[in-house]
Every structure is written in structure tokens, then in C-alpha cells.
Amino acid sequence: MIAAQFSYLPNDATPAEIIAAKFDEDGSDVKFRRKPLRSLPDSFAIPVAHTYTELYQIKGRRWANLYLLDVQDELAELGVPLAANDDDLNARAKDLSQRCARLRDTAPSEEAGLYGIRYLLQERFNLHPALLNEPLQSVPVTVSVTVGGTVTGTDKKGMTVTGALNRLCDEYWWRRTLRNVYVRNVEGYAVSTGLVHRNGYIYVSDESYKFIQQQSQRNIRTLKNTFAVNESTGEEVSLYELAEKSQANPKLRRGELMVRIRGFEEASKELGHEAMFYTITCPSRMHRYKSRVDAKGNIKTYLNTKYDKTTPREAQKYLSKLWAQIRAQLAREGIYVYGFRVVEPHHDGTPHWHLLLFVSPNQSNRLTEVLREYALKADPDERGAAEHRFKAEKIDPAKGSATGYIAKYIAKGLDGYGMDVDLYNEDAKQSAKRIAAWARTWGIRQYQQIGGPPVGIYREMRRLKKAELSPDMQAIWEAADKGDWKTFMALMGGPLGKRKEMPVQLAKVWSDKPNRYREPSGNQIIGIECGTVVVPTRLEQWSITFKGKREVIKPIPLVQNMLGQSAAESLGDSAGGVRGFLAPLEFC
């Protein structure tokens with residue numbers, strides 16, 4: 001029941017509406033406040049309502065209402081309402097796909113149809129799908145694909161107009177797109193309004209975190225009811241079992257990352273290289289919050305008035321561009337490095353990078369100089385830039401290994417293994433879940449190998465159990481099979497070897513089989529090749545079938561390798577095994 005002093009409020013008034021009515025005398029603004037407050041999830045609307053009442057008390061009714069008008073204008077610019085639920089998104093996806101299909105079918109040409117769709121989406125719905133910004137080809141631009149020195153087909157480069165139209169007219173493509181737009185709109189609003197910080201929603205808002213968790217639960221239910229069926233033997237394995245035995249499992253992913261990092265460190269010792277650890281942070285204007293240590297040593301957090309509304313995704317692009325510039329400068333100076341990069345969020349969601357790099361001792365000082373120069377290139381004179389934007393540390397083997405040094409950064413973003421609390425004194429395991437949700441929300445790749453052979457070849461080698469191989473390939477296979485990344489890397493040309501010159505490459509063939517969007521499937525990995533010798537690793541034919549209550553998904557043939565392995569081991573350990581199975585099911 002609504003209190004007597006708020007009797008003018010409707011019976012279905014939200015908590016935010018009740019809070020905003022605190023200083024009302026006659027309830028004349030109830031209708032005005034209803035639209036902006038109901039356009040927000042309660043977790044966002046309540047802080048907005050509190051801000052409204054504070055402004056009302058300090059500056060008066062006019063300033064409070066102007067604030068709500070600004071909120072309303074901000075929300076109007078969003079292509080997807082922040083208060084939407086999954087049913088709303090699905091309904092919008094169906095509507096948009098049908099609208100796009102009508103425009104395509106009535107247009108005199110595909111180019112005209114695409115133009116009409118672009119105008120509709122941008123002008124009427126304020127939606128800007130990334131594919132509309134990509135260079136589209138009228139027909140596929142192709143290059144030759146070879147296996148063992150033999151041309152097997154051609155590979156298309158770039159999306160065609162037809163492919164773009166088929167996506168825009170596909171309901172399930174729109175479901176995925178709208179869910180990404182929605183969660184990034186929600187999180188962008190949470191960050192810009194100052195709700196994400198160490199004393200509020202740390203790393204990611206609760207609204208986005210819950211959305212990602214619900215999405216994960218939905219995917220798990222789908223995986224448990226979806227099965228890979230061997231066309232030859234009839235063997236049946238649920239995709240959930242496969243996912244648990246693949247890199248989708250945080251424990252297995254962490255294990256493989258640590259194996260590769262340890263291999264890099266062991267190789268660096270043999271080569272006499274040094275281990276350097278760097279941290280690069282974004283300029284102050286990209287952070288929603290600032291922190292200071294008071295006289296008592298307590299950390300005080302406050303809103304950054306110079307914040308320019310950079311989202312974490314945009315901040316990540318800034319760091320990626322910075323790294324590309326650094327790599328180019330290092331190449332010009334003949335400085336070559338290898339190692340790993342880890343991306344972490346600050347408490348307010350802004351990303352920063354940790355780099356574990358191995359380098360020749362006579363080049364380590366110059367490497368540090370180059371990284372510092374570029375890290376401070378933007379806004380170099382801002383207060384605290386030299387102290388906080390770039391940090392460098394030479395790892396002393398006498399005090400601990402480089403692998404051990406970076407292990408905590410790997411665990412922090414995966415499962416919190418071996419940690420009790422994080423940097424902000426939060427439960428490490430819960431923080432790991434929030435960091436994973438943060439990365440998924442913004443589409444940020446948390447871990448990346450720098451230098452060394454492609455991990456795809458390593459994983460493809462591990463799919464083989466026993467086969468007749470050439471002596472060169474046999475030694476490489478044995479190293480991969482044992483999980484010996486150092487030896488595998490040495491046989492492949494070393495940590496600084498050029499990938500095109502490595503003795504073993506992935507073998508691919510071209511497939512004209514149409515995908516969901518009626519385009520050729522393109523290159524399909526079939527195994528590994530060494531010179532003109534090709535060893536198949538994916539021989540068995542599998543199909544996908546759904547056994548839940550919903551409509552059965554049509555079988556999708558996939559070529560995978562058994563060679564003595566169980567389906568779970570083979571498909572789970574493949575470079576694209578589980579992901580390949582998930583592609584047609586994602587976001588259904």
C-alpha cells in the first residue's frame with residue numbers, strides 16, 4: 001500500500017516513483033516522471049529518483065525536472081529500451097527481421113534494398129548494426145586455397161551484399177544482435193551514471209551481471225538437451241559434456257594458459273632472455289571514477305568530472321590501437337618480444353592491460369622506453385599520468401618465476417583459483433564471475449598470446465592419438481601430445497619464428513555448402529600439413545539434434561576426428577569443436 005501522503009500516486013507506482021514523490025505537494029508531476037522512471041530497470045531508476053529528490057531539495061522543482069528531461073532524452077537515443085526483457089527483445093527481433101525482409105523483397109535491387117534497410121534502422125529505430133559499416137562486395141572477392149600444394153578452392157574475402165541482407169532478414173541474427181545492443185546499453189548507462197564502482201556494482205552492474213548469468217543458464221539448458229550424434233557408430237554425446245571438456249571450462253582453460261606461459265618462460269631461460277612485466281592504463285578522461293588516499297591511508301573514490309563517456313569497449317579499442325603502434329615501432333627498431341597479455345577491469349569497468357614480455361637483455365631498456373612513450377602519448381600532462389598510466393618491472397628469477405607472477409592475473413578473470421580476495425578485498429571467486437561477465441558484456445578478449453606458434457596447430461596436433469607421421473612431424477606431435485609447449489615451440493621455429501615459415505600448418509579445404517545465411521561455408525579445417533604431406537584429424541561425420549521440448553533443430557553435419565578418442569575428448573579439445581557446434585544454437 002502507498003502511504004497516505006502519496007495518495008495521488010497510482011496503485012501500480014514503482015519504488016522509484018514513490019521515492020521521487022517525496023517533496024510533492026499536489027502530485028502534478030506524477031505523469032511527467034512516470035515515463036523516464038519506467039524506462040529504466042528498478043536498479044537504475046531508484047538511484048535516479050534519489051538524485052531527483054536531492055536536486056528538488058537543493059535547487060528546486062525546476063532543476064529536478066530538467067534533470068529528468070535529460071535522462072529522458074538520453075534514453076530516447078537508445079535503440080533498445082533499458083527496461084526491456086528477453087520476450088521484448090525476441091518480439092523486436094521478429095518485427096525487425098520481417099520489416100527488413102519486406103524492404104528487400106520490394107526493392108528493385110539488392111543494393112537499393114540494403115539502402116532502404118539502413119535508412120529504416122538508423123532513422124526510425126536508431127540501430128546501427130556493425131555490418132552496415134563494413135565494406136560490402138557485390139560478389140565475393142576470392143583467393144586460392146591450397147592443401148599440400150594442391151589448389152582445393154577459393155576463399156571469399158569480405159561480406160557480400162547478399163550475405164548482409166540475409167543476416168538482416170534473419171530473426172535469430174537479430175536476437176543475438178539486440179541482446180548485445182541491450183546489455184551494452186544497460187552497462188553503458190550504468191557506467192556513465194556512476195553506478196559501477198568499488199562501493200556499488202563492482203566491475204559490472206548487477207543488471208548486466210544477472211542478464212549474462214540468465215543467458216548462461218539458458219545456454220546450459222540448451223546444451224544439455226542438444227546432442228552430437230556420430231553418423232557411423234550412432235554414438236551420442238550431449239554438447240554440455242563436450243563443453244565441460246573443452247576450453248569453455250575455466251579450469252581447463254586456465255591449465256592450458258599456464259602450460260603455454262610456462263613453456264615461454266622455459267624457452268626464455270634457454271635463450272638468455274629477460275622477463276618484463278608491464279601495466280598500461282587508459283587516460284584519466286576514460287575513467288568514470290578517480291581514487292585518492294587520504295591522510296589516514298583510506299582510499300576515497302569520487303566521480304571524475306573530466307570523464308568523456310568512453311565505454312569500456314571503446315577504451316579497449318584505444319589500448320589495442322596503442323599496442324599496434326608499439327608493435328610497429330618495435331619492429332622498426334628490430335626489437336622482437338613474446339609472451340602474454342591479460343586484460344582486467346578497474347573497479348569502474350575501465351580496462352587496463354598487463355603484459356608479460358620476454359626480450360633480449362640488451363633490448364629490455366629500450367623496450368620499456370618505447371612502451372612508456374606510447375602509454376603517455378595521449379594527455380601526457382594530466383596529473384598522475386607518469387605514476388599511474390604506466391608501470392614497468394623486471395622480474396627477478398631469484399624472487400619467483402614469471403609464470404607464478406602472472407598466475408594470479410590469469411586466475412582473477414577465470415575462476416579465482418588459489419585466491420581468497422581480489423585487489424578490492426572482494427571474494428575472488430565471485431569477482432572472477434563478475435569479471436567474466438564484464439568481458440562478455442563488452443566483447444573483450446581477456447587473454448592473448450604474443451609471438452610463438454598458433455595454438456590452433458597445437459590443439460589440432462593433440463587430437464591425434466597415433467598415426468604414421470614423417471620424422472619431423474612425429475617429434476612435433478609428441479611434444480604437443482605431452483603438453484610440452486617449450487619443445488613444441490622450438491620445433492616449430494622458436495618463440496620468434498615467422499608463422500608462414502613454420503614446418504606444420506593447418507590443412508583447410510573450401511566448402512561450397514551454404515551456411516545459415518546462404519553463403520558458402522568457406523574454409524574448413526581438415527587436419528595438419530607438413531610440406532605436401534596432409535594428415536587428416538577430422539574424419540567422422542557428426543550431426544546435431546535437439547531433444548528438448550522445443551522444435552527439433554535440423555541435423556547439421558560436421559566433420560570431426562575420432563582416431564581412437566572418445567567424442568568428448570576429440571570435439572572438446574578441438575580449436576573450434578564446441579564453438580562450431582554452438583554456432584547454430586547460440587541465442588535461440
Side-chain angles (χ1 to χ4, degrees), residues 1-78 80-85 88 182-211 287-292 294 298-309 311 347-350 424:
M1 291 294 291
I2 298 171
Q5 64 267 35
F6 300 145
S7 57
Y8 46 78
L9 287 175
N11 289 328
D12 63 343
T14 65
E17 288 179 279
I18 295 172
I19 292 169
K22 183 176 181 180
F23 298 109
D24 273 359
E25 295 179 1
D26 55 8
S28 57
D29 291 330
V30 170
K31 282 189 177 181
F32 162 71
R33 292 192 299 257
R34 192 173 183 85
K35 184 176 181 180
L37 292 179
R38 290 213 168 196
S39 297
L40 291 166
D42 280 348
S43 56
F44 294 176
I46 289 173
V48 166
H50 281 302
T51 302
Y52 174 86
T53 58
E54 288 171 12
L55 284 171
Y56 202 115
Q57 186 177 24
I58 297 169
K59 291 191 172 184
R61 176 187 174 198
R62 180 173 177 271
W63 281 97
N65 285 342
L66 284 174
Y67 163 70
L68 269 192
L69 277 176
D70 288 340
V71 171
Q72 186 168 311
D73 289 344
E74 275 190 54
L75 297 176
E77 293 177 4
L78 302 178
V80 179
L82 296 190
N85 57 36
D88 296 330
Y182 167 78
V183 75
R184 286 174 189 170
N185 281 350
V186 166
E187 198 56 25
Y189 188 85
V191 170
S192 66
T193 52
L195 299 177
V196 179
H197 57 93
R198 71 177 75 200
N199 298 319
Y201 305 132
I202 193 166
Y203 307 126
V204 67
S205 71
D206 277 359
E207 200 71 29
S208 295
Y209 177 70
K210 289 173 185 175
F211 182 85
H287 295 259
R288 188 64 185 97
Y289 276 85
K290 283 188 173 184
S291 298
R292 281 183 185 171
D294 63 17
N298 299 316
I299 299 176
K300 298 294 184 180
T301 301
Y302 57 97
L303 286 171
N304 179 10
T305 56
K306 295 181 180 179
Y307 175 61
D308 63 1
K309 294 196 174 182
T311 67
H347 65 100
D348 62 356
T350 307
Y424 304 105

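What you see below is based on every heavy atom in this structure, not just the backbone, and it leaves out hydrogens, waters and symmetry mates.
Of the possible donor and acceptor atoms, one in the side chain of Asn85 sits under 3.5 Å from a partner among the backbone N and O of Asp88. Judged by distance alone, with hydrogens and angles left aside, the side-chain atoms of Ser205 form no donor-acceptor pair with the main-chain N or O of Tyr201 at under 3.5 Å. The backbone N or O of Ser192 sits nowhere less than 3.5 Å from a side-chain atom of Tyr307 that would complete a donor-acceptor pair. Looking at Glu17, its side chain does come within 3.5 Å of a backbone N or O of Thr14 through a donor-acceptor pair. Under a 3.5 Å cut-off, the side chain of Arg288 and the backbone N or O of Asn304 do form a donor-acceptor pair. In this structure a side-chain-to-backbone donor-acceptor pair under 3.5 Å is missing from His287 to Tyr289. Asn185 contributes no side-chain N or O that, together with a main-chain N or O of Leu78, makes up a donor-acceptor pair within less than 3.5 Å.
Between Val196 and Val204 the shortest side-chain heavy-atom distance does not fall below 4.5 Å. Two residues are said to be in side-chain contact when any heavy atoms from C-beta on lie closer than 4.5 Å; Leu75 and Pro81 fail this criterion. In this structure, the side chains of Ser39 and Leu82 stay at 4.5 Å or more apart for every pair of heavy atoms. Annotation: side chain of Tyr56 is not in contact with side chain of Asn65 (no heavy-atom distance under 4.5 Å). Contact check for Ser43 versus Lys210: no side-chain heavy atoms found under the 4.5 Å cut-off.
Shortest non-hydrogen contact noted between Val186 and Ser208 is CG1-OG, 3.6 Å. Nearest heavy-atom pair across Val30 and Pro10 is CG1-CD, 4.1 Å.
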Stepwise salt bridge (charged side-chain N to carboxylate O under 4.0 Å, His left out) test for Asp12 and Arg34: CA-CA 11 Å; Asp12 63 343; Arg34 192 173 183 85; 3.0 Å; yes
Working for salt bridge (charged side-chain N to carboxylate O under 4.0 Å, His left out), residues Lys59 and Glu54: CA-CA 8 Å; Lys59 291 191 172 184; Glu54 288 171 12; over 6 Å; no
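Side-chain contact of Arg33 with Tyr52: a donor-acceptor pair under 3.5 Å is present, judged by distance alone.
Using cut-offs of 30° and 60° for the angle between ring planes, the Tyr182 and Phe211 rings count as tilted.
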